[in-house]
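In what follows, a single structure is set out as structure tokens and then discussed.
All residue numbers in this chain count up from 1 along the given sequence. When reading the values below, keep in mind they use all heavy atoms of this one structure, side chains included, and skip hydrogens, waters and symmetry mates.
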Amino acid sequence: MTNRGRDADLATELRVGIDTGQLRLWFQPIVATGTGQPVGVESLVRWQHPARGLLGPAEFMEVAETTGLVIPLGQWVLEEACRVAVDLAGRADGALTVGVNLSGRQLSDLAFVDQVRSTLHAQGCPAGHVVFEVTETAQARDLATVIDALRQLQDLGAGVALDDFGTGYSSLIYLKHVSADDLKIDRSFIQGLGTDRIDTAIVTSLIRLAHELNVRCVAKGVETVEQLELLDSLGCNFAQGYLFSRPLDERALGAWLDQRVHLGELAVPEGDSYRPAVGTIVTMNKAGASRQTIAAALNADGSRTVRGVRWSVRSVGQVLGDAVE
């Protein structure tokens, strides 16, 4: 079978999947770099294919885009995201935002903003609880139309984020014309942060640029404590990545957020980022346990630092240093 034939079959199956409730929405948390407290989530669509199992967007979004199925698919995502945003309200110190990824085809649809307005009203979702994320691949289709649509979304009160920033050709042109709320640094730059001179220089410059424009900065793909600490020192506002959590279904997200509330209650308000479970750490240390053993015990018990990351010898040592002082 040719690629065209396979795409046609996939499009037919996807159309059925949309109509019969096979789509799923997963979420990856976004946290404040300085405290680890959740500030929002990015919604990620999945397709529970009856024969092939759970498929990520890379398996079907290109076909959805080329066939126009991205319009009904995107509408389903928006409705679910608004429902979840309402459900998440009150779980943190202020409403958690839900990020919704947009395609160029959606933004080129003249009826799109009206559909967003109607969906927000039907779901009882304040516009400020939703952040629309647009990549440069979407921007390149019709910059003027995209800019107009995003400005209308902001007029509704919704947020706008420039996703995967720095990977396309229109970054700076786009920043000039859209008063974005968030700039999301692509994970490809974060991977070498602190170890690769060029990546570190790019990330540092992007954070500085965002602050000059009064735009919040979000680092994607954060996987190590060292990356997080350097981002915090550079002034990056938020972060998301496997260091905090992989994408979660709605039930798992609720459990993750509940754990974060518990961690927050353990934290010493005036202390630094490594002050939860201080009593436990000091007690184990006095009993002769090594820092490595303490970190392993805390991690096995499901405990995390206030930043939401696993305990390390270094973070345990910081708590003990503070306790001694």
- Message: Counting neighbours of CD on Q48 that are heavy atoms of other residues, nucleotides or ligands and sit closer than 6.0 Å, is the number greater than 12?
- Response: yes
- Item | D114 and R117 ion-paired at < 4.0 Å | yes
- Message: Using a strict threshold of under 4.0 Å (side-chain N to carboxylate O), is an ion pair present between E59 and R52?
- Response: yes
- Message: Ignoring hydrogens and geometry beyond distance, is a side-chain donor-acceptor pair present between Q28 and Q240 at under 3.5 Å?
- Response: yes
- Heavy atoms of A219 and I190 approach each other most closely as CB-CD1, 3.8 Å
- Query: Would you say the side-chain atoms of D196 and Q191 include a donor-acceptor pair closer than 3.5 Å?
  - Reply: no
- Message: Between R24 and E250, does the salt bridge (Lys or Arg N to Asp or Glu O under 4.0 Å) criterion hold? Intermediate values first, please.
- Response: CA-CA 9 Å; R24 304 287 184 268; E250 187 175 350; over 6 Å; no
- Heavy atoms of A89 and H129 approach each other most closely as CB-CE1, 4.2 Å
- Item | Any donor-acceptor pair under 3.5 Å from S108 side chain to R105 backbone | no
- Query: Taking all non-hydrogen atoms of both residues, which atom of F112 and which atom of Q106 are closest, and how far apart?
  - Reply: CB-O, 3.3 Å
- Task: Could you tell me whether R46 and D249 have a side-chain N and a carboxylate O separated by less than 4.0 Å?
- Result: no
- Query: Between T200 and G194, is there a donor-acceptor pair closer than 3.5 Å when you use the side chain of the first and the backbone of the second?
  - Reply: yes
- Message: Please check: side-chain N/O of T66 versus main-chain N/O of V63, any donor-acceptor pairing under 3.5 Å?
- Response: yes
- Could you give me the CA-CA distance, side-chain angles and deciding distance for F27 and L25, then say whether side chain to side chain contact (heavy atoms under 4.5 Å, CB included) is met? CA-CA 7 Å; F27 308 89; L25 205 59; 3.8 Å; yes
- Examine distances only and state if a side-chain atom of T12 and a backbone atom of A8 form a donor-acceptor pair shorter than 3.5 Å. yes
- Message: Assess, by modelled atom type and distance only, whether the side chains of Q75 and E79 contain a donor and an acceptor separated by less than 3.5 Å.
- Response: yes
- Task: Could you tell me whether a side-chain N or O of S43 sits under 3.5 Å from a main-chain N or O of A81, the two making a donor and an acceptor?
- Result: no
- Is R187 salt-bridged to E223, cutoff N-O under 4.0 Å? no
- Query: When you measure from the side chain of D181 to the backbone N and O of V160, does any donor-acceptor pair fall under 3.5 Å?
  - Reply: yes
- Task: Using only heavy-atom distances, determine whether the side chains of Q22 and H49 contain a donor-acceptor pair under 3.5 Å.
- Result: no
- With no hydrogens and no angle check, is any side-chain donor or acceptor of T33 less than 3.5 Å from a backbone partner on N237? yes
- Scanning both residues in full, the closest heavy-atom pair of F238 with A32 reads CD2-CA, 3.8 Å
- Message: For V77, is there any backbone N or O sitting under 3.5 Å from a side-chain donor or acceptor partner on E80?
- Response: no
